[in-house]
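Structure first, commentary second.
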Amino acid sequence: MKEFTIINSAKKTPLEMNEKDFYRSQSAGDATSKIEEVCRENPDTHITVYGGDGSVYEAVNAIMNSGAQDGAELTIVPFGTGNDFVKSLPSESGVRKKIDLIKFNDKYSANIINIGFDCDVVRVTEKLKKLRLVRGSIAYAIGVVASVFNKLGKKLDIEFTLEDGSVEHESGEHLLCVIANGRYYGGGFCCAPNAEIDDGILEVIIVRKISRLRFAKFIGGYKKGLHILPDGSINPKYKSILIYKRCKALKISNVMQLCADGEIIDCKDADISVAEKAINIVT
């Protein structure tokens, strides 16, 4: 199998590596183009990505776009400011497994799609990361605090296709909507504590529009993953403000912007589904 290694353009070279041993991405989107080029030339390529969740996003879209999902293998070395997706992978090295992806419109997400408040937080966080001393989870935490003072709540119309094939609808003002394949985002927020990356199910967590005071009381438990219990029920403490669904697909109207693995994307509506056992991951 061919080996190809790529490193996030903004990061220093790992001490154990020589510049000639890898490709350094030049800018946003370059990793997608290069990995897609490599996979089209040889679909049976083992791709090692040194980067964060944004780099993973670029890699999985490149693999899917090139049609190499059956032969290519992806290894992720956490090397970015956000390294949340790897927390949902097997901790032991050398494990090879097929994992799901989230398909939205014509793109793919490996970890989390978020809409509403969380998307606003990412936008603020990206600005904060440009400050030299503000990085990773610290930037995200500050972004949360800053975003609380903006207008809270967004009207969303959602159609859920549940795991049993039945269809349900939800419409109203919501603070945030998370569609999860992995469990963590935002530098360690456990938004979907029961999510599995290979079960063919998307976990959907929606927080209804609430006051800033209620939000302040909620956010600590949300970060720890206490809002959803191990048996799949909503913690009674949060039942009045949460909607929790296990879905095969969903359609969301009036999105305008969503955040996929830390990447902000403009789109009026979102047609979302699970791409089961889509790519090969090697830890």
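The basis for the numbers below is simple: all heavy atoms, side chains too, and nothing from hydrogens, waters or symmetry mates.
- Using a 4.0 Å cut-off between charged nitrogen and carboxylate oxygen, Lys268 and Asp266 do not count as a salt-bridge pair.
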Inset, instruction - Show your reasoning for whether side-chain contact (heavy atoms from CB on, under 4.5 Å) applies to Ile252 and Cys177. - result: CA-CA 10 Å; Ile252 309 178; Cys177 174; 4.2 Å; yes
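- A distance-only check finds no donor-acceptor pair linking the side chain of His169 to the backbone of Val167 [under 3.5 Å].
- Take Ser93 and apply the side chain to side chain contact (heavy atoms under 4.5 Å, CB included) test, not counting sequence neighbours, and it matches no residue.
- Residues that satisfy the side-chain hydrogen bond (donor to acceptor under 3.5 Å, both in side chains) test with Lys97, not counting sequence neighbours, are Asp198.
- Follow the hydrophobic side-chain contacts under 4.5 Å out from Ile197 and you never reach Ile201; the two are in separate clusters.
- Within the model, atoms CZ of Phe79 and CD1 of Ile7 stand 5.5 Å from one another, a figure rounded to the nearest 0.5 Å.
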Legend entry - Stepwise side-chain contact (heavy atoms from CB on, under 4.5 Å) check, Ser88 with Glu196: CA-CA 8 Å; Ser88 297; Glu196 297 291 343; over 6 Å; no
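- The 12-atom threshold is not exceeded at NZ of Lys251, counting heavy atoms of other residues, nucleotides or ligands nearer than 6.0 Å.
- Annotation: side chain of Val38 is not in contact with side chain of Asn42 (no heavy-atom distance under 4.5 Å).
- Residues Val86 and Pro78 share a closest heavy-atom pair of CG2-CB, 4.1 Å.
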Legend entry - Worked check of side-chain contact (heavy atoms from CB on, under 4.5 Å) between Leu74 and Ile63: CA-CA 9 Å; Leu74 176 63; Ile63 291 169; 4.2 Å; yes
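- At a threshold of 4.5 Å between non-hydrogen side-chain atoms, the residues Phe4 and Thr48 do not count as touching.
- Here the closest non-hydrogen pair linking Leu229 and Pro236 is CD1-CD, 4.3 Å.
- The nearest pair of heavy atoms linking Val178 to Cys191 is CG1-SG, 3.8 Å.
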Legend entry - Intermediate values then yes/no, ring-ring contact (aromatic ring centres under 6.0 Å, His included), Phe215 and Phe117: CA-CA 11 Å; Phe215 176 77; Phe117 178 79; 5.0 Å; yes
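- Panel note: side chain Glu58, backbone Gly29; a donor-acceptor pair is recorded below 3.5 Å.
- Using a 4.5 Å cut-off on side-chain heavy atoms (C-beta onward), Ile6 and Ile35 make contact.
- Every pair passing side chain to side chain donor-acceptor pair (under 3.5 Å) that includes a residue from residues 62-79 is listed here, sequence neighbours excluded: His46-Thr75, Glu73-Arg96.
- By the criterion of side-chain heavy atoms lying less than 4.5 angstrom apart, applied directly or through intervening Ile, Leu, Val, Met, Phe, Trp or Tyr residues, Val49 is grouped together with Leu89 in one hydrophobic cluster.
- Between Thr45 and Glu3 the shortest side-chain heavy-atom distance does not fall below 4.5 Å.
- Side-chain atoms of Ser233 and Lys239 include no donor-acceptor pair closer than 3.5 Å.
- Both Ile158 and Ile179 belong to a common hydrophobic cluster when Ile, Leu, Val, Met, Phe, Trp and Tyr are linked at side-chain heavy-atom distances under 4.5 angstrom.
- For His227, the ring pair (Phe, Tyr, Trp, His ring centres under 6.0 Å) partners two or more places apart in sequence, or in a different chain, are Tyr222.
- Within the 3.5 Å criterion, the main-chain N or O of Ala195 finds a donor-acceptor partner in the side chain of Arg183.
- Heavy-atom minimum distance, Phe160 versus Cys247: CD2-SG, 3.7 Å.
- Checked for salt-bridge contact, Glu168 and Lys245 meet the test: a charged N lies under 4.0 Å from a carboxylate O.
- Take Ser166 and apply the side chain to side chain contact (heavy atoms under 4.5 Å, CB included) test, not counting sequence neighbours, and it matches Leu162, Asp164.
- Contact annotation: the side chain of Met256 approaches that of Lys154 to within less than 4.5 Å [non-hydrogen atoms, C-beta and beyond].
- Within the structure, the ring-ring contact (aromatic ring centres under 6.0 Å, His included) test picks out the following pairs touching residues 231-261 (sequence neighbours left out): Phe218-Tyr238.
- Every pair passing side chain to side chain donor-acceptor pair (under 3.5 Å) that includes a residue from residues 269-279 is listed here, sequence neighbours excluded: Lys248-Glu276.
- In this structure, Glu92 contributes its side chain and Pro90 its backbone to no donor-acceptor pair below 3.5 Å.
- The shortest heavy-atom contact between Asp84 and Gly186 is OD2-N, 3.1 Å.
- Within a 6.0 Å sphere centred on NZ of Lys2, other residues, nucleotides and ligands contribute more than 12 heavy atoms.
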Legend entry - From CA spacing to verdict: side-chain contact (heavy atoms from CB on, under 4.5 Å), Phe85, Tyr57: CA-CA 10 Å; Phe85 179 62; Tyr57 173 81; over 6 Å; no
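- Under a hydrophobic-cluster definition in which Ile, Leu, Val, Met, Phe, Trp and Tyr are linked whenever side-chain heavy atoms come within less than 4.5 Å, directly or via other members, Ile241 and Ile115 are assigned to different clusters.
- Side-chain contact annotation: Asn61 with Thr32, donor-acceptor N/O pair under 3.5 Å absent.
- By the salt bridge (Lys or Arg N to Asp or Glu O under 4.0 Å) test, Glu203 pairs with Arg246, sequence neighbours left out.
- Evaluation of the salt bridge (Lys or Arg N to Asp or Glu O under 4.0 Å) rule for Glu36 yields Arg40 as partners, not counting sequence neighbours.
- The number of heavy-atom neighbours closer than 6.0 Å to NZ of Lys98, taken from other residues, nucleotides and ligands shown, is above 12.
- Pairs passing the side chain to side chain donor-acceptor pair (under 3.5 Å) check and including a residue from residues 100-110, sequence neighbours excluded, read Ser109-Asp261.
- Of all heavy-atom pairs between Asn280 and Ala72, the closest is ND2-O, 3.0 Å.
- For Asp53, the side-chain hydrogen bond (donor to acceptor under 3.5 Å, both in side chains) criterion is met by no residue, not counting sequence neighbours.
- Residues that satisfy the side chain to side chain contact (heavy atoms under 4.5 Å, CB included) test with Ser211, not counting sequence neighbours, are Leu213, Arg214.
- No single ILVMFWY cluster, assembled from side-chain heavy atoms under 4.5 Å apart, contains both Leu258 and Ile205.
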